[in-house]
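One structure is given below, encoded as structure tokens.
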Number of protein chains: 2
Amino acid sequence: MKAKSGASLAAMPRYVQLATTLLNEIQAGKFPVGSLLPTEHVLCQQFGVSRFTVREAIKLLVQQGLVNRQPGVGTRVQANAPTGQYTQTMSGLTDLQQYAVETSLEITRHHIVEIDANLAKGLCASPGETWLEIEGLRYAPGQPLPFAWTRVHIAPRFRALKGLQSRMDQPLYVLIEQQFGCKIQVVHQEIKAVTLSNELARQLKVPPKSAGIWLQRRYMDTHDELVEQAINIHAADRFTYRESFRRDFVTLPGTLSSGKF
Amino acid sequence: MKAKSGASLAAMPRYVQLATTLLNEIQAGKFPVGSLLPTEHVLCQQFGVSRFTVREAIKLLVQQGLVNRQPGVGTRVQANAPTGQYTQTMSGLTDLQQYAVETSLEITRHHIVEIDANLAKGLCASPGETWLEIEGLRYAPGQPLPFAWTRVHIAPRFRALKGLQSRMDQPLYVLIEQQFGCKIQVVHQEIKAVTLSNELARQLKVPPKSAGIWLQRRYMDTHDELVEQAINIHAADRFTYRESFRRDFVTLPGTLSSGKF
DNA sequence: GAGTGGTCTAGACCACGAA
DNA sequence: TCGTGGTCTAGACCACTCG
């Protein structure tokens, strides 16, 4: 029904073309970050396609973190570039679980702490707030030596968390989700190498000055507010972080003239 | 049309129920790994739902890595547990790109090598095969000091790779994909901490015995065969690995009686 | 040529959020 | 109450694989 301009893009499914068009319009500033995209109904009329096609297109944008959707509200622009500033090509599953599954956390200490200026920065919190702080060691099953030291901070609104035991076999964030009905939507992770402090080397029972992996996870809820931050420090020889990425979704062409459609 | 058994699951969308049912049947051994699931058409009839519902259900299974699909062939069971053996909850985008984008690789050496027994193990190759080996240093833009040392091995069938320059601004796998028309479908990644060797510390210009990040990536094609393996070793203070996970798909309930459906 | 999954249409009902 | 996105139906055509 619509004349194809004769690009390689014309061979792609309509919903990819539509997603590309929308991406370009977002990047062109037609739909600024924070604004609402036209509703599905409007897009259907505007582009002369069915709702299915529109939804598939928007699904692509959601997958790339460009927009998010809320029933009863609409489709809100979240970013103007496909996550990570460039052609995002990979997606897939991860062994985020490798932690709490098949390992257990022995809690050595937990108490309410007042956030000082130092901590406040890392937690994006205000000094003076009172957070729940938990420290412990992680063990692999059947291993006598711990493979990681852990310190967790839990936001004030969840500090009344119940169900902490000296030995935890499930992730803390699951406990929080269950008790407070909140949903973890995003987890940010950072990994770097460190030289273990003497104190840590002692606790992990490795030689002083050993290398270690520092791994931080920040759990955010649906309003993008920090729920829990965990820092794990691992003895180098007892921990490898593994993950796999699968290329399973359509990659949108970079910038691209979309013609009429 | 179907009586609800009165579980909390009954409140979930049909396609989640269906996905759960299929998951349970896979785990029960009704559809062994490697076998084909019934076709969409059959599932429609069998469960009295439309193709849309069936496809949404299978989409969930695909997202969890349980099955893969091939047009003209069918839906093949790939695994019998949601990736990582337990409640798989996260999925999302990653900054796999952070490497080659905005950084450049200075190649110091590249040549064809014969694989010895030692290398063969890591590459899942046979001793005697001849692979392309590339070594170099990675620089961040504007930084005089390299932040990583890199060694790459490229499988025999791609060893005729052209286009290697002393300075590479795009990932090697992109070059391979372009020249040989192969598609990278899966990337496996491993990260661990190491103490830098004297030689490496010298090349990266950091003090001896410094901690470093060891990062390996294995790029697999659509036939799950190794195309490229890269090992990157980073000075601890010049590199942080960041990624984010977004929970954007429905989580299937763990094990669960599915009743009749 | 028969059958597969991929794409697409034109409807429909629902829960939920905003006014 | 009205409009949103989420779910769902019952069709359709296509490119592809396989026998």
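In the text below, chain A, chain B and the rest are named by the order of the sequence lines, each starting its count at 1.
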Which whole-number value in Å describes the distance from [X] [atom1] to [N] [atom2]?
| X | N | atom1 | atom2 | result |
| --- | --- | --- | --- | --- |
| Leu43(B) | dG5(C) | CG | P | 8 Å |
| Asn68(B) | dG5(C) | CG | C1' | 12 Å |
| Leu36(B) | dG3(C) | CG | C1' | 12 Å |
| Arg76(B) | dT17(D) | CZ | P | 14 Å |
| Glu40(A) | dT7(D) | CD | P | 11 Å |
| Arg69(B) | dT17(D) | CZ | P | 16 Å |

* Any Thr39(A) side-chain N or O less than 4.0 Å from OP1/OP2 of dG3(D) ->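 No, no such contact exists.
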* **Phosphate OP1/OP2 of dG6(D): any Arg55(A) side-chain N/O under 4.0 Å** =>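 For dG6(D), OP1/OP2 do have a side-chain N/O of Arg55(A) under 4.0 Å.
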* Under the salt bridge (charged side-chain N to carboxylate O under 4.0 Å, His left out) rule, collect the residues that match up with Arg218(B), sequence neighbours excluded. =>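 Counting only residues at least two positions away or on another chain, Arg218(B) forms no salt bridge (charged side-chain N to carboxylate O under 4.0 Å, His left out).
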* **salt bridge (charged side-chain N to carboxylate O under 4.0 Å, His left out) partners of Arg76(B), counting only residues at least two apart** =>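 Counting only residues at least two positions away or on another chain, Arg76(B) forms no salt bridge (charged side-chain N to carboxylate O under 4.0 Å, His left out).
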* Asked: Pairs in or reaching into residues 120-132 of chain A: which pass salt bridge (Lys or Arg N to Asp or Glu O under 4.0 Å), with residues at least two apart or in two chains?
  ->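 Qualifying pairs, neighbours excluded: none.
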* On DNA chain C, check which nucleotide each of Gly72(A) and Pro38(B) is closest to and give me the residue with the more 5' one. =>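 First, find each residue's nearest nucleotide; the 5'-ward one identifies Pro38(B).
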* Could I get the full list of ring pair (Phe, Tyr, Trp, His ring centres under 6.0 Å) partners for Phe52(A), not counting sequence neighbours? =>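 Phe52(A): no ring pair (Phe, Tyr, Trp, His ring centres under 6.0 Å) contacts found.
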* Among all residues two or more places apart in sequence or in another chain, which pass the ring pair (Phe, Tyr, Trp, His ring centres under 6.0 Å) test with Phe158(B)? ->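 For Phe158(B) the ring pair (Phe, Tyr, Trp, His ring centres under 6.0 Å) partners, ignoring immediate neighbours, are Phe180(B).
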* Asked: Reckon Gln70(A) touches a base, only the sugar-phosphate, or nothing at all at heavy-atom distances under 4.0 Å?
  ->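 Touches sugar-phosphate only.
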* Heavy-atom side-chain proximity of Leu60(A) to Thr20(A) below 4.5 angstrom ->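 Side-chain contact under 4.5 Å: no.
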What does the list of N/O pairs under 3.5 Å between the protein and nucleotides 8-13 of chain D look like, with a distance for each?
| residue | atom | partner | partner atom | Å |
| --- | --- | --- | --- | --- |
| dC8(D) | OP1 | Arg14(B) | N | 2.5 |
| dC8(D) | OP2 | Arg14(B) | N | 3.2 |
| dC8(D) | OP2 | Tyr15(B) | N | 3.3 |
| dT9(D) | OP2 | Ser50(B) | N | 2.8 |
| dT9(D) | OP2 | Ser50(B) | OG | 2.7 |
| dT9(D) | OP2 | Thr53(B) | OG1 | 2.4 |
| dA12(D) | N6 | Arg51(B) | NH1 | 2.8 |

